[in-house]
Amino acid sequence: MALQTQSQDIEKETAAIIDVHEHQEGPLLPILHDVQGKFGYVPEDALLKIADRLNLSRAEVHGTMSFYPDFRTEPAGRHVLKVCRAEACQSMGGEKLADDIQRDLGIKWHETTPDGKVTLEPVYCLGLCSCAPAAMMDGNLHGRLDEDAVLKLVEEVK
Amino acid sequence: MGAVLYVPCDAAALAVGADRVAETLADELRTRGVDATIIRNGSRGMHWLEPLVEIETEQGRIAYGPVKPSDVAGLLDGGDHPLCHGLTEEIPYLKRQTRLTFSRCGITDPLSLEHYEMHHGFLGLKRALEMTPAEIVQDVTDSGLRGRGGAGFPTGIKWNTVLKAQGAQKYIVCNADEGDSGTFSDRMIMEGDPFVLIEGMAIAGIAVGATKGYIYTRSEYPHAVAIMQDAIKIARKAGILGASVMGSDHAFDMEVREGAGAYVCGEETSLLNSLEGKRGIVRAKPPLPAIEGLFGCPTVVNNVMSLASVPIIMDRGARFYRDYGVGYSHGTIPIQLTGNIKNSGLFETAFGLTLNELIYDIGGGTLSGRPVKAVQVGGPLGAYFPPSLFDTIFDYEAFIERNGMIGHAGIVVFDDTVDMLKQARFAMEFCAIESCGKCTPCRIGSVRGVEVLDRIAEGDQPEQQVELLTDLCDTMKMGSLCALGGFAPYPVMSSLTHFPQDFHVKPLTDAAE
C-alpha cells in the first residue's frame with residue numbers, strides 16, 4: 001500500500017515538473033534535472049511518466065539519462081562530496097588528497113559511507129583551477145583544500 | 001553617500017571564503033555605525049589574492065587580500081595593513097594586462113544594468129542596430145576574431161555561413177560547457193559581467209537573423225547559471241531582450257541550459273544533441289552546424305569568449321581589435337594561469353607573449369617554490385611542454401607548429417614532482433571515461449592506451465610498448481570523429497617525446513631534452 005502511494009506521488013510530482021517544461025524546445029534535460037532535484041535520483045516511475053508525456057520510448061529516456069554522469073538511478077547519501085580529479089588539481093596534490101579522503105572515509109569513488117551520510121564522486125574540473133585542489137560539498141564550492149579541510153567539511157554536515 | 005566596499009561573488013572567491021568575509025564586514029560596519037555599501041562584484045582575476053576586498057577612496061579603489069574574516073576588523077581601522085596592495089589598478093599583474101573582453105569584470109556589480117551602461121555597456125549593440133546584418137558580419141570578419149573555444153575558426157566566416165543559410169528559424173548557441181581543466185574564463189564572465197555575453201549574443205542574432213539563443217553551460221557552475229538566469233530576466237524586463245531588442249524591429253530572446261556532467265558536450269555537435277534532449281553523442285560533419293545545427297536549423301555555435309568579445313569590436317571597430325596580437329592571432333586572449341603557480345588567475349593580453357613571460361614574469365613561477373617541470377596548455381587534450389619550449393609565443397599557429405594547441409588558453413603548471421607517465425595515463429583514462437562511444441578509435445583506443453601505459457609502468461617490454469602506443473596515438477589522431485579522441489594523443493605523445501626518462505625508455509628524437 002505504502003509503495004503504491006509512493007509510486008503515485010512520484011508520478012504526480014513528475015507530471016507537475018513536466019507541465020513546467022513541456023513548452024520548451026528539447027525539454028528532456030531540464031525535466032531530468034528537476035526530477036533529480038526533487039527526489040534525489042530519477043525513479044523508474046518518473047522515467048515512465050516522462051516517456052509517456054514526451055512521446056518517447058522508455059529506452060530513449062533511459063538512454064539519455066544514463067549517458068550523463070549527473071543522473072542517478074539510486075538515491076545518494078545525505079550529502080554528495082565531489083572532489084576534482086583534473087590536471088590543475090593534480091598539480092597541487094589533488095591525487096594524494098583524493099586517496100587520503102577515500103581512505104579516511106573508508107569508501108571509493110561513487111560509494112556512500114555506511115551511515116548514509118556522504119557519497120563520494122569524482123568531478124573533472126570545477127573551474128577553480130587557480131585555487132586548487134578544489135571540491136564541492138552539495139552545492140558549495142571549496143578551494144585551496146588539504147586533507148584536514150576536507151574532513152572538516154565532512155564533519156560540518158549532518 | 002557612505003563608504004563603498006567590494007567583495008567578489010565569483011565562484012573562485014566564494015570557494016576561499018568570500019561570503020564569510022562579506023558577512024563579517026557587514027557586521028563590523030554595523031557595529032561601528034558606519035554608513036557603507038558592500039557591492040558583490042565579479043573577480044579582478046587575481047585569484048591568489050582572493051578573497052580580495054576593495055575599499056573605494058578618492059584616489060581609487062584600495063585592494064586588500066587574501067582577506068580572512070579575522071582580518072576584517074584591522075582592515076577597517078585604517079592605516080598601513082600587511083594585506084594592503086595599494087591601488088588595485090596599480091597592481092602590476094593588472095596593470096600589465098590589456099582588458100578588452102574583461103574590461104568590466106571585477107569593476108561592476110554583475111547584475112546592475114546601471115553599472116553596465118556606465119562602463120560602455122550596450123554601445124556595441126546600439127551600433128549594430130544601425131547596421132545591416134551583412135555589415136555586422138563584415139566587421140566581425142575584419143576584426144580577425146577567431147573561435148576562443150579552442151579551434152580558432154574565424155568567427156565572421158561562421159556567421160556569414162549562417163547569415164546566407166536559408167531557414168525559417170535560426171539559433172545562436174553559446175558554448176559555455178567549459179570543461180577543460182585549467183580554464184575558467186567563461187565562468188568568470190558569466191559570473192562577473194553577464195550582460196556582455198547577452199549583448200554579444202543579441203548582436204550575433206541580429207547579424208545572422210536568429211531570434212533565439214541558448215547558453216549551454218555546466219552543472220558544475222551553479223553560480224554562473226544563477227547569475228546568467230537573473231541577468232537574462234533583467235535584460236528582458238529592460239527591453240534588451242524580447243520581441244523588440246532595444247525598441248528595434250529585431251526579436252531576440254535566450255535561455256540558459258545546464259549540462260549534466262559530460263565533458264564531451266563541449267564538442268559542438270554533441271552539445272547540440274544534448275540541447276535537443278538526446279544523448280550527447282558526436283555527430284559526423286558535414287553537415288556543419290551552421291547549415292544544419294540545432295533541431296536541423298542553421299546555428300551559430302560560439303564560445304563564451306568569442307561572443308563576449310563581439311560588443312567591444314562593434315563599439316570600438318574592427319580595426320581597433322585587429323591591431324592587437326601577432327600573425328593571424330588578432331585581438332586579446334584571456335589566459336588562465338593555474339595549477340602550481342604563484343600568481344594564479346586570469347591575465348588578458350594581446351597574443352604574442354612567450355610562455356616564459358607568462359609563467360615566470362607574470363605568474364611568478366611555482367607556488368611550491370620548486371622548479372617547473374612541465375606545463376599543459378589547452379586543457380586535458382593539450383600538449384605538455386618542457387621548459388626548453390617556453391620560448392613559444394602565445395599564438396594559435398606557434399603552438400600548432402610545436403605539436404600543441406592553445407585551446408581555451410588555460411595553462412596548468414607542474415613542478416618537478418610530477419610523473420609524466422602518470423599524466424599520459426590520466427589523459428587516456430580521462431578520454432576513456434568521457435568518450436561518447438560513437439567512434440571506435442576514441443572508445444576502444446583510449447582503453448587500450450591505458451593498458452599499454454600500465455605495461456610501460458610495469459617495465460614490461462617498454463620499447464615495444466612505446467612503439468605500440470605511438471601507433472595507437474596515430475590511429476586515434478587520424479580516425480576519431482571529434483577532438484576528444486583526436487587530441488587525447490597530444491598530452492600522451494608530448495609526455496613521451498619531451499620526458500622519455502619518465503617512461504624509462506630512450507629518447508624518441510634528439511630534440512627531446
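Every chain is numbered from 1 and lettered A, B, ... according to where its sequence line falls, protein lines coming before strand lines. Side chains included, hydrogens not; waters and symmetry mates left out as well; all remaining heavy atoms used.
For B/Y263, no part sits under 4.5 Å from any heavy atom of chain A, backbone or side chain. Contact of B/V264 with chain A is made through the side chain alone, with heavy-atom distances under 4.5 Å. Looking at B/E178, there are no atoms closer than 4.5 Å to chain A (heavy atoms on both sides), in backbone or side chain. Using a 4.5 Å cut-off between heavy atoms, B/E434 touches chain A through its side chain atoms alone. Using a 4.5 Å cut-off between heavy atoms, B/L346 does not touch chain A at all. With a threshold of 4.5 angstrom between heavy atoms, B/I281 approaches chain A through its backbone and through its side chain. Heavy-atom distances place both the backbone and the side chain of B/C436 under 4.5 Å from chain A. Only the backbone of B/D180 comes within less than 4.5 Å of a heavy atom of chain A; no side-chain atom from C-beta onward does. For chain A, no part of B/E191 is nearby; none of its heavy atoms comes within less than 4.5 Å.
At least one side-chain heavy atom of A/Y68 sits less than 4.5 Å from a side-chain heavy atom of B/S274.
Of all non-hydrogen atoms in B/G261 and A/P69, the two that sit nearest each other are O-CG, 3.2 Å. Taking all atoms of both residues into account, the shortest heavy-atom contact from A/C125 to B/R218 is O-NH2, 2.9 Å.
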- Task: Evaluate salt bridge (Lys or Arg N to Asp or Glu O under 4.0 Å) for A/E95 paired with B/K422, printing each intermediate quantity in order.
- Result: CA-CA 11 Å; A/E95 202 186 352; B/K422 260 185 163 172; 3.7 Å; yes
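Interface remark: of the candidates A/C131, A/P30, A/A88, A/A132, A/A88 forms the most heavy-atom pairs closer than 4.5 Å to chain B. Among the candidates B/P222, B/G179, B/P380, B/A427, the residue making the largest number of heavy-atom pairs closer than 4.5 Å to chain A is B/P380. Interface summary for chain B: among A/A135, A/C129, A/G94, A/P27, the most heavy-atom pairs under 4.5 angstrom belong to A/C129. Between chain A and the residues B/I433, B/T417, B/T338, the most heavy-atom pairs under 4.5 angstrom are made by B/T338. Here B/S219 is the residue among B/G345, B/P491, B/S219 with the most heavy-atom pairs under 4.5 Å with chain A.
To the nearest 0.5 Å, atoms OG1 (B/T366) and CE (A/M92) are separated by 9.0 Å. In this structure, the separation between CD on B/E50 and CG on A/L128 is 11.5 Å, given to the nearest 0.5 Å.
By the 6.0 Å contact criterion, CD on A/E156 is enclosed, its count of non-hydrogen atoms from other residues, nucleotides or ligands being greater than 12.
Under 3.5 Å, the side chains of A/E87 and B/Y384 contain no donor-acceptor pair of N or O atoms.
Within the 3.5 Å criterion, the main-chain N or O of A/G26 finds a donor-acceptor partner in the side chain of B/R257.
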